[in-house]
Amino acid sequence: MGKKRVGILTGGGDCPGLNAVIRGVTKTAIGKYGMEVIGFYDGFEGLIEGRFTILRQESVSGILTQGGTILGTSNKANPFAHIIGEGENRHVVDKSDQCMELYQDLGLDALICVGGDGTMSIGGQLSEKGASIVGVPKTIDKDLMETDITFGFDSARYTATEAIDKLHTTAQSHHRVLFVEVMGRNAGWLALESGIAGGGDVILLPEIPYEIEEVVSEVRRRSRFGKRFSIVVVSEGCRPKGGEQVYQKIVEDSPDPIRLGGISHIIANQIEQETGIECRVAVLGHLQRGGTPTPFDRLLATQFSVKAMEMVVEGVFNHMVAIQGNKLVPVPIEKVMNKQRTVPLDSHYIKAARAVGASFGAKID
Ligand code: F6P
């Protein structure tokens, strides 16, 4: 009998720490378990199109500290809804059987899917077709269910906090209101935690619809107390009470087509008009997804990868690695599929932010 084989792919938006997982899986599979590793290029696209490579120890040498993913990724590819053609010739085909054939032909004993909720959902569907899937949770949004944290989040939080720190000094010098828009989709974790760490005066979250009058009154209140500047940390997914989120674009061929972004410009204009104080906006965008992973993310990604390989060897399939209260545990992928973990209003972070005087732009009890 030949060596056992494990496949790995990275799906969805990239984030710092993906390479640390690829490295951890490859080194553990080869070094500890004597297995072979197949890396699929560009997430599920590689599985659909049969594009892959054999990963060896030397393939992953020196990648621990690199952002991005050496395998590439795609947040559009979906074996169950593969898009062919454009315009009038555009149609959707199910390529999942073809993917399963490749899985069998390659003699894979398991496939490790590293990604967010979209990747876990596809992984869950593939496991229903007979693939042995192990999920590894990544996302800068920290919006995956069943795990206290995902790798990538700490690095993004660091980038956002550093940006807030830098914007603080210029806001102070020019007596302006500086708006910092951060990513996070429908979850406010990134805005909330970087907002607290950076000392944001107002923090606007998707979970707490804001009232513009409340933001105005906080900026004015600070002015009255001699604080001639304010920092407003805006989550891209926030919206006014009774209003809508702001979309930057619709990516038609993506399973999750809405790309949020731009609401901070609208709020900044309103605040400038109401208060007469100059406002400026910094939308951090994909800066938050780039760069070298923090030590925390390298550690988390490495631990996740080792646990994922342990699950492969022990036959714990159709589960995702999670961290719960400092323990690495497997959780059924179905508990994670098509769900989002948002900030609960009784979160200790909300409590802490309020205690140090941050406003959420709304009256909350
Ligand atoms: O899910 C990660 C994320 O960076 C979100 O925070 C953001 O809304 C989205 O992806 C951006 O997607 P794209 O890379 O397609 O612009």
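Numbers for residues simply follow the sequence, beginning at 1. Both backbone and side-chain heavy atoms feed into the values below; hydrogens, waters and symmetry mates do not.
A salt bridge links K129 to D97: at least one charged side-chain nitrogen sits closer than 4.0 Å to a carboxylate oxygen. With salt bridges taken as basic N to acidic carboxylate O contacts below 4.0 Å, none links K227 and D201. We find that E252 and R90 are not joined by a salt bridge, their nearest charged nitrogen and carboxylate oxygen being 4.0 Å or further apart.
Proximity of a side-chain donor or acceptor of E236 to a complementary backbone N or O of R185 within less than 3.5 Å is detected. At least one donor-acceptor pair closer than 3.5 Å links the side chain of D297 to the backbone N or O of S155. The backbone N or O of E58 sits nowhere less than 3.5 Å from a side-chain atom of S61 that would complete a donor-acceptor pair. Of the possible donor and acceptor atoms, none in the side chain of R176 sits under 3.5 Å from a partner among the backbone N and O of E278.
Remark: H168 NE2 to S230 OG distance equals 8.5 Å, nearest 0.5 Å. Distance check, rounded to the nearest 0.5 Å: CG of L71 to CG of D42 gives 8.5 Å. Here N75 contributes atom CG and D256 contributes atom CG; the two are 8.5 Å apart, rounded to the nearest 0.5 Å.
Taking the six-membered ring wherever Trp is involved, the centroid distance between the rings of F179 and H265 does not fall below 6.0 Å.
With no hydrogens or angles considered, a side-chain donor-acceptor pair links E181 and S264 at under 3.5 Å. Side-chain contact check for R298 and T292: at least one donor-acceptor pair (N or O, by modelled atom type) lies under 3.5 Å. Q245 and N186 form a side-chain donor-acceptor contact under 3.5 Å, judged by distance and modelled atom types alone. Looking only at atom types and distance, the side chain of R259 has a donor-acceptor partner in the side chain of S254 under 3.5 Å away.
Checked against M311 for a side-chain contact (heavy atoms from CB on, under 4.5 Å), the options V134, I112, L328 give a single hit: V134.
Both V232 and Y210 are members of a single hydrophobic cluster when ILVMFWY side chains are connected at heavy-atom separations under 4.5 Å. Cluster annotation: L108 is not connected to V37 through the hydrophobic network of ILVMFWY side chains, with a link wherever side-chain heavy atoms come within less than 4.5 Å.
When the shell of 6.0 Å around NZ of K307 is examined, it contains more than 12 heavy atoms from other residues, nucleotides or ligands.
Across all their heavy atoms, A20 and L64 have their closest contact at CB-CD1, 3.7 Å.
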